[in-house]
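For reference, the structure is listed below as structure tokens.
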Amino acid sequence: MEAVQTLQTERLTLRQPGPSDEADYVAFMLSDRARHVGGSSDRKRAWYAFATELGHWAIRGFGMWAVTQHGDDRAIGFVGPWYPDTWPEHELGWFLYAQAEGKGIAYEAVFAAREHAFKSLGWETAVSYIDEDNLRSRKLAERLGAVLDPSAAWPGQSAGAEPCLVYRHPAPEALQ
Amino acid sequence: MTQMLATDPLKNASTGPQQAEAFMGFYASDRAHFFIGHLTREDARRRFTLDLGHWMLRSFGMFSARDRASNGFYGLIGYWFPEGRQEYQLGWFMTKPAEVPGIVFEATIEVRNDPDRRFIWKTLIGYFHSKNIRSRAMAERQGGPVDQSAVEPRPSMLAYRLPGPEAI
């Protein structure tokens, strides 16, 4: 596996998730805050979701970053690239634990993850899949300059999955 | 030296797409019927991702079993212990080429003897569908009686209690 990578922002270190993140991640997935991001009331499913985060890194060499604050390795959320085999295109996702809310952390973290996806992973475009009633995430997408793309496919569309909104991020050139 | 070689799929997960193809092909085949039942390609990919995550979290999981000489894929042998399980499960899920007398038995014993992990558990549990005659016979050969008191994951399954490392 590749050397451990991190991304640094003014307040945050984004790092690859590992086994030490399991308990907080599972607790989050069992909470109501996770209702828009595949949360579950079933502990096994929540654990499967976490194992899948790690497996995504193993298969792709990238995945969602664990967001930490400088000087404290404990994750306060996850943001970044998500591209399982079945996704229509490259996604930037995010979710923060309750204690990280309301401090501009998500914006700062996703901004850095997006820059890395464009510059280092070579992505040419990125979307975010967001439930229509997830107003807070829609606001963040808009603040990041993403706009609705009604022509884009959503995950599971061909299999009859419920639609979600697709926000398209500005192209790498537009962010220079 | 056994004919079958069991390897950790994490070791070449990112560089060995054949590994993913082998696991996914198996999950999508009829052979997975008793295991997790014939997955779509999407679900097979999800399952393989989960297999790797299981390895990363537990430091053990399903090994990829291959022919030592030809590297041909024989199937999966290994451990499953997700959140919520009370017991360490040992399972084996084999493709047709592995149906050579003795080699699954040998390989399973070798996996159970793996020095890095054998002392994690005192006993293992094998869950097999009541109609899965071949695997049930294999569990019995490994010394496992049916354990009526074991927690079964599904009603159609039988639980075989496999002896711990000291019995091997």
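Because only heavy atoms are used, hydrogens play no part in the values below, and waters and symmetry mates are left out as well, while side chains stay in. Protein chains get the first letters and strands the later ones, always in sequence-line order, with residue 1 at the start of each.
- Atom CZ of A:R45 has 12 or fewer neighbouring heavy atoms from other residues, nucleotides or ligands inside a 6.0 Å radius.
- Checked against side-chain contact (heavy atoms from CB on, under 4.5 Å), B:S59 has no partners two or more places apart in sequence or in another chain.
- Applying a 4.5 Å heavy-atom cutoff, the residues of residues 74-104 of chain A that approach chain B are A:D85, A:T86.
- Of all residues in residues 144-160 of chain A, none places a non-hydrogen atom less than 4.5 angstrom from a non-hydrogen atom of chain B.
- Under 4.0 Å is where a charged nitrogen must lie from a carboxylate oxygen, and between B:E83 and A:R43 at least one such pair does.
- The distance from atom CD of A:E53 to atom CG of B:L57, rounded to the nearest 0.5 Å, is 11.0 Å.
- For CZ of B:R134, the number of neighbouring non-hydrogen atoms (other residues, nucleotides, ligands) closer than 6.0 Å is 12 at most.
- From A:T52, atom OG1 reaches atom CZ of B:R45 across 12.0 Å, with rounding to the nearest 0.5 Å.
- At a heavy-atom cut-off of under 4.5 Å, chain B is reached by no residue from residues 108-134 of chain A.
- Two different hydrophobic clusters hold B:Y160 and B:V151 under the rule that ILVMFWY side chains link at heavy-atom gaps under 4.5 Å.
- The cluster map of Ile, Leu, Val, Met, Phe, Trp and Tyr, joined by side-chain heavy atoms under 4.5 Å apart, puts B:F93 and B:F73 in the same cluster.
- The side-chain heavy atoms of A:L54 and B:W55, taken from C-beta on, include no pair separated by under 4.5 Å.
- Remark: A:R136 CZ is loosely packed, at most 12 non-hydrogen atoms of other residues, nucleotides or ligands lying under 6.0 Å away.
- Summarising the geometry, atom CD belonging to A:E22 is positioned 5.5 Å from atom CZ belonging to B:R58; distances are rounded to the nearest 0.5 Å.
- The shortest distance between side-chain heavy atoms of A:W47 and B:R85 does not fall below 4.5 Å.
- Considering all non-hydrogen atoms of both residues, A:G55 and B:M56 come closest at N-SD, 4.2 Å.
- Both B:W92 and B:L124 belong to a common hydrophobic cluster when Ile, Leu, Val, Met, Phe, Trp and Tyr are linked at side-chain heavy-atom distances under 4.5 angstrom.
- In this structure, CZ on A:R60 lies 8.0 Å from OG1 on B:T49, to the nearest 0.5 angstrom.
- B:L52 and B:F26 fall within a single hydrophobic cluster, where Ile, Leu, Val, Met, Phe, Trp and Tyr are joined by side-chain heavy atoms under 4.5 Å apart, directly or via other members.
- Both A:F50 and B:W80 are part of a single hydrophobic cluster, where members link through side-chain heavy atoms under 4.5 Å apart.
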